[in-house]
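So you know, we letter chains A, B, ... as the sequences are listed, proteins then strands, and number each from 1. For clarity, every value in this text was computed on a predicted model and none was experimentally measured.
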Amino acid sequence: MRKPFPFDEFESKWQTYWDKNQTYRTANPGDEGFDATKPKYYVLDMFPYPSGAGLHVGHPEGYTATDIIARYKRMKGFNVLHPMGWDAFGLPAEQYAIKTGQHPRITTEANTENFKKQLQAIGFSYDWEREVNTTDPDYVKWTQWIFLKLYNSYYCEEAQQARPVSELEEKGMTSKEIDKLRLAFTHEAPVNWSPDLGTVLANEEVDEWKAKGHTVERRPLRQWMLRITKYAQRLIDDLDDLDWPESIKLLQKNWIGKSEGATVKFEVQGSVGASPASDAEGSVGEIEVFTTRPDTLFGATYMVIAPEHPLVNEITTPDNKDAVEAYKEGCVLKSDLERGEMNKDKTGEPTGAFAINPANGERIPIWISDYVMMGYGTGAIMAVPAHDVRDFEFAKKFNIPIQCVVGAPALPYTEQGVVVNSGFLNGLSTAEAKAKMIDWLEESEKGSRQINFKLRDWLFSRQRYWGEPFPLLWDKETGEHTCVPESDLPVLQPEMEDFKPTGDPRGPLVKAENWINYSDQYTRETNTMPQWAGSCWYYLRYCDPRNTERFISEQAEDYWSGDDSAMVDLYVGGTEHAVLHLLYARFWHKVLFDLGLLSTKEPFKKLVNQGLILGEDGNKMSKSIGNVVNPDDIIKEYGADSLRLYEMFMGPLEQVKPWQTNGVDGVSRFLAKVWRLASEQNQEGEWEVKTNFQNEATSDKDLLKALHQTIKKVGEDIENLAFNTAISQMMVCLKTFQDYEKENGLPLQEFTIFLQLLNPFAPHLTEELNKLIGNDTLLSSQDWPAFDESKMVESEKTIIVQVNGKLRARLQVPAGMSKEDLEEMALATNEVKSFTDDKTIRKVIVIPNKLVNIVAN
RNA sequence: GCCGACGUGGUGGAAUUGGUAGACACAGUUGAUUCAAAAUCAACCGCCUUCGGGUGUAUGGGUUCGAGUCCCAUCGUCGGUACCA
C-alpha cells in the first residue's frame with residue numbers, strides 16, 4: 001500500500017539519530033553541559049509493569065501527553081527530567097516460572113526489551129540513560145536500604161515525625177520495647193492467605209485476585225507491617241497543597257477515613273467465667289466502645305461486640321455459651337465478602353451479659369454480631385437503634401427497645417437535630433450535645449475524645465520468590481530479629497529452579513537451605529516485599545540512577561526538588577493507582593523527609609489521571625473479548641506521528657473514550673497535507689522537495705493572524721493539557737497555509753514556526769520537513785515561538801443582532817464601534833424591523849464587539 | 001446504600017467571565033479528476049418545515065435581556081466504596 005507520506009522512511013531514521021546523539025539527555029548538576037540558570041521541570045509517567053502481552057494503545061496515551069509537555073518545556077527553556085523505567089517484580093513472571101520452569105528474570109528481561117522497543121518506536125523523548133528497573137540488583141539494594149531506614153525508625157509522637165530508633169536505645173529501652181515501635185514491625189493477626197498463590201495478600205489486593213479465580217482465606221500468621229497509620233493525619237492534611245484532581249483527593253481521604261468522636265466505657269455487669277450473670281452483683285469489668293455520636297448516648301439500648309472480641313468468652317453466661325460458640329464458628333468460615341453480602345439480614349446472639357449505660361445508668365444487653373468488626377475502633381459499639389440504620393435493623397429483628405433521643409419525623413433518623421430524652425443534653429443541637437457529652441465523659445472519667453482512622457497498617461510481606469527479600473535476620477537462640485549489615489546489600493534471592501508454593505507460610509525461599517542459613521547465629525527472613533516497594537521511590541532514583549554511594553545524591557535531590565514542596569512537577573497515570581500506589585509513595589516520601597534525607601514533604605505536585613481507552617466496541621480492552629489494539633499495527637499502517645496525534649486528538653486526556661482506528665485517518669490526512677506543502681510526488685511516485693519557496697517574511701495579514709492565533713492557542717492548550725483543541729487549531733491554521741501556498745508559494749519563515757508548534761506532537765515529520773526546507777538546526781533545540789498580539793488584532797468584528805435573545809442578523813463593523821452606533825445600526829436592519837414592527841422596543845443591550853440584543857413585546 | 005464524576009448530531013468531541021450551539025475530525029451524500037479504482041480536491045451534512053421560519057445541549061421547573069454553561073428537582077451512565085459505629 002502506498003503511504004500518504006513516507007513516514008516509514010524517516011521515522012526510524014530520526015529515532016536512531018536522537019538515540020545516537022543523545023538529543024534528549026538530561027544533565028544533572030556536575031554533568032557536562034549542565035546549565036544552572038535553567039529552571040528544572042520534572043515530568044513523570046507511571047512506569048509500566050512489562051507484561052508478556054506488550055503495549056496496548058492505552059499505554060501511549062499518558063506517555064504521549066507527558067512527551068508533548070516535556071518537549072514543550074524544553075523549548076520554553078527548562079531543564080526537563082523525563083524518564084522511563086520498569087516496575088518489573090510481580091506475580092505473572094513468577095507464575096509463568098511455576099508453569100514453565102523459566103526463571104522470572106529471563107521472562108522479565110524479554111518483556112522489558114519488548115516494551116522498550118515498542119516505546120522507542122513511538123518516538124518518546126525519554127532520557128534512556130536514566131532507565132531504571134526495580135529488579136536490578138543495584139536498584140534492589142536501595143529499596144532494601146530504604147526499608148532498613150523504616151525498620152530503624154520509630155514515630156515520635158511529640159515531634160510528629162519519624163526518628164531513628166537509636167534515640168530510644170540511648171534512652172535505655174530494651175530491644176523488645178523498641179521492636180514494638182519500629183515503623184517496620186512484625187504482627188501476628190488474621191491475614192488474607194491464598195493457598196493456591198501460596199502468599200498473603202493486602203486487604204486491598206484481595207478482590208483483585210479473587211476476581212482472577214484464586215481462593216483467599218483468613219488465617220492468623222506473623223507478618224511484617226509498615227506503620228502507615230502514624231501518618232494518617234499528615235497524609236490527609238498535606239493533600240491540601242497538592243494540585244491533584246479533587247476527586248482523587250477525596251478518594252484518598254475516604255480511604256484514610258478519619259472519624260471524630262469519643263470512646264465510652266461501659267461497665268459490664270454479671271459474672272466472669274462460670275456463674276450466670278443474674279447471680280452476680282456490681283461491676284466485673286468494662287468494655288470500651290468508639291462512637292462518632294456521643295450525643296446519642298442516652299439512646300444506647302444495647303451493646304454489640306465483634307465475635308472475635310477477646311472478652312466474648314469471659315462475659316458469656318453458661319446459658320448462652322453454646323449458641324455464642326456456634327455463632328463464632330460460623331463467622332470464621334464466612335469470608336469477608338460473604339460477611340459483606342449478608343448485610344441485608346442481620347444476625348447475632350445475646351451473650352447473656354449486661355452493661356450499664358453510663359449516661360442514664362440503665363442496664364442494657366450485650367450481643368455479639370458480625371456487623372461489628374474487630375479491626376475498627378475497639379471492636380465494640382454502643383447501639384443506638386433510633387439513630388443508626390444498622391442498629392435499627394438489628395433492634396427490629398431481635399425486638400430490642402428503641403429509644404429516640406433526637407427530635408425526628410421518623411426512625412431511624414441519622415441526621416442532626418435537637419436532642420430530647422437525654423437529661424442534661426435536652427434542647428441542645430447535635431454539635432453542642434457532642435461537645436457537652438465529651439466534656440462530661442472526660443470529667444467523670446467514663447470516656448474521652450477520640451479520633452479514629454479506617455486506614456490500617458500496611459501488610460508488607462509476601463511469600464513469593466520474585467520480589468525483594470527482607471534484609472533481615474533471626475537470631476536462632478533468642479528468636480529476635482535484626483538487620484543485615486549495610487555492606488550485605490543487596491540481598492538477592494538465591495538461584496532456584498522450583499518456584500512452586502510449598503504451602504509453608506514462610507514462602508518458597510524456605511527451600512533454599514544454604515541461603516537461609518546466614519551464620520551459626522542467624523537465619524534469614526524468607527519473606528519478600530510486595531510489588532509496591534519498588535514503585536514507592538522510583539521517581540527519586542531517576543534523579544541519580546547510577547549512584548552507587550547513595551539512593552540519590554544530596555546535590556541531585558536538592559536540584560530536582562527545586563523550591564517547591566513537592567518534587568515531581570507533573571505526574572500522569574491511571575486512576576487505578578489513585579489510592580494505593582499514590583498513598584504508599586507519599587508515606588515513604590514523608591518518612592525519608594522526616595529522616596532528613598529529602599527536602600520535600602510530598603512526592604508529586606500535580607497529578608493528572610488519563611482516562612481509559614476502550615476498545616472499538618466500547619468495552620474495556622481485553623484479550624478475551626479480542627478488542628485489544630496494538631500500537632505496533634497502527635505505527636505500521638499510519639506511522640508513529642499519526643498514532644501520537646490520534647491519541648491526543650480523541651478527546652480530553654482525562655476522559656474515558658473508545659478507540660476508533662478509522663479516526664486515525666483524520667490525523668494522518670492532516671499530517672499528509674502538512675507534508676505536501678513542502679513536498680510533491682514525481683511521475684515515478686518519488687517524493688521531491690518543492691521549489692516554490694518564499695524566503696522573505698510574508699506580510700499577508702490573514703496568514704499572520706492565523707499563525708499568531710495558533711501560537712497562542714497551542715501554547716495555552718499544552719499548558720492546560722488540552723491537546724485535542726491544540727491539534728484542531730493547527731488543522732485550521734494549516735488551511736490558511738494551503739490557500740496561501742497555492743498563490744504565493746510556501747512562506748518558509750512562517751512555515752518553520754508552524755513546524756515548531758507541531759513538533760512536540762509529531763516530532764519525526766516536523767524534524768524531517770524542517771531539514772527538507774533547508775533549516776539545519778533541530779526544532780527540538782529551538783525556543784518556543786512567541787506570539788504577537790498586534791498581528792492578531794481583528795480590524796472587523798461580526799456583531800450578533802438578537803431580538804428577544806434570538807439571532808436575527810449579523811453586522812460586519814469596524815472593531816471598537818461605540819454602543820450608540822451599534823444600537824443604531826442594529827435597529828436599522830431589515831431583520832430587526834420585521835421582527836419588531838408590531839412590538840414596542842423595551843430595552844436594548846449592547847456588548848461592544850460582540851452583540852446587540854433588542855427586547856421587544 | 002453512601003461518596004464522586006458526567007449526560008451536546010449517526011460517532012469522537014468544540015464552545016473564555018452566562019453572549020452566533022455543534023469548531024475540528026470520523027462516518028455518510030453529491031460532484032471534479034481517472035479507462036477504472038485508490039488517493040486527492042470541492043460542496044453538503046442536528047431535527048421539523050408550507051422554505052417565512054420553528055425547534056434543539058438527558059427530563060421538568062427556576063434565575064436572566066440572554067442559559068449547554070448558574071440554581072432546584074427527577075431520570076440515566078460511569079467510577080470509587082461497602083455494615084468503619
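- Within the 4.0 angstrom heavy-atom criterion, base atoms lie near A:I847.
- In RNA chain B, runs of at least 3 consecutive Watson-Crick or G-U pairs, each pair with both distances below 3.5 Å, span B:1-7 with B:75-81, B:10-12 with B:24-26, B:28-32 with B:40-44, B:46-48 with B:53-55, B:58-62 with B:70-74.
- In this structure, the side chains of A:H309 and A:I368 stay at 4.5 Å or more apart for every pair of heavy atoms.
- Close to B:A23, at under 4.0 Å from its OP1 or OP2, lies no side-chain N or O of A:K713.
- Distances shorter than 4.0 Å separate some side-chain N or O of A:R669 from OP1 or OP2 on B:C26.
- Between A:V664 and A:Y376, the residue anchored nearer the 5' end of RNA chain B, judged by the nucleotide with its closest heavy atom, is A:V664.
- For the pair A:Q660 and B:A27, the criterion of a side-chain N or O lying under 4.0 Å from OP1 or OP2 is not met.
- Among the heavy atoms of the strands lying under 4.0 Å from A:I800 is at least one base atom, whether or not backbone atoms are also near.
- As judged by a 4.0 angstrom heavy-atom cut-off over every strand, A:P245 is placed among residues making no nucleic acid contact.
- Put simply, the side chain of A:V372 does not reach to within 4.5 Å of the side chain of A:I305, judged on heavy atoms.
- Proximity of A:S259 to the phosphate of B:A85: a side-chain N or O atom is located under 4.0 Å from OP1 or OP2.
- Judged purely by distance below 3.5 Å, without hydrogens or angles, the side chains of A:T292 and A:E260 never pair a donor atom with an acceptor atom.
- Within the structure, every side-chain polar atom (N or O) of A:N724 is placed at least 4.0 Å from both OP1 and OP2 of B:G12.
- For A:K673 and B:U40, the shortest distance from a side-chain N or O to OP1 or OP2 is not below 4.0 Å.
- Comparing the same atom, C1', in B:A82 and in B:C3 gives a spacing of 11 Å after rounding to whole Å.
- The side chain of A:K843 contributes an N or O atom lying less than 4.0 Å from OP1 or OP2 of B:C65.
- For the P atoms, the distance from B:U20 to B:U57 is 15 Å, rounded to whole Å.
- Shown here, B:G9 is classed syn by the O4'-C1'-N9-C4 or O4'-C1'-N1-C2 angle, which is within 90° of 0.
- Using a 4.0 Å heavy-atom distance criterion, A:K454 is classed as a base contact.
- Between the side chains of A:Q252 and A:R586, a donor-acceptor pair is found at a separation under 3.5 Å.
- Using a 4.0 Å heavy-atom cutoff across all strands shown, A:N804 reaches no nucleic acid atom at all.
- A gap of 10 Å separates the P atoms of B:C26 and B:U40, to the nearest Å.
- Aromatic rings from A:W675 and A:F7 are positioned such that their centres are separated by 6.0 Å or more.
- Residue contacts for A:V656: at a heavy-atom cut-off of 4.0 Å it reaches the sugar-phosphate backbone alone, with no base atom in range.
- A:S259 and A:Y376 form a side-chain donor-acceptor contact under 3.5 Å, judged by distance and modelled atom types alone.
- Taking the P atoms as reference points, B:U64 lies 35 Å from B:U77, given to the whole Å.
- Without hydrogens or angle criteria, A:K253 side chain to A:L239 main chain gives no donor-acceptor distance under 3.5 Å.
- Relative orientation of the A:F398 and A:F394 rings is tilted, given thresholds of 30° and 60° on the angle between their planes.
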Would you give me the side-chain donor-acceptor pairs under 3.5 Å for residues 721-730 of chain A, sequence neighbours excluded?
from, atom 1, to, atom 2, distance (Å)
A:T725, OG1, A:D717, OD2, 2.9
A:T725, OG1, A:A722, O, 3.1
A:S728, OG, A:T725, O, 3.3
A:Q729, NE2, A:T710, OG1, 3.0

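- Among the heavy atoms of the strands lying under 4.0 Å from A:Q802 is at least one base atom, whether or not backbone atoms are also near.
- Between the P atoms of B:U17 and B:C70, the separation comes to 10 Å (whole Å).
- Between B:C2 and B:A85, the two C1' atoms lie 15 Å apart (nearest whole Å).
- When heavy atoms are screened at a 4.0 angstrom cut-off, A:N662 is found touching the sugar-phosphate backbone but no base atom.
- At the heavy-atom level, A:F670 lies nowhere under 4.0 Å from the strands shown.
- Under the ring pair (Phe, Tyr, Trp, His ring centres under 6.0 Å) criterion, A:F649 pairs with no residue, sequence neighbours left out.
- Taking syn as a glycosidic angle within 90° of 0, B:G60 does not qualify and is anti.
- An OP1 or OP2 oxygen of B:C41 is reached within less than 4.0 angstrom by a side-chain nitrogen or oxygen of A:R676.
- As judged by a 4.0 angstrom heavy-atom cut-off over every strand, A:K249 is placed among residues making no nucleic acid contact.
- Remark: the separation of the C1' atoms in B:A43 and B:C78 is 40 Å, to the nearest Å.
- Taking only side-chain nitrogens and oxygens, A:R842 never comes nearer than 4.0 Å to OP1 or OP2 of B:G66.
- For B:U69 and B:A14, the C1' atoms lie 14 Å apart once the distance is rounded to whole Å.
- At the heavy-atom level, A:K657 lies under 4.0 Å from the strands shown only through sugar-phosphate atoms.
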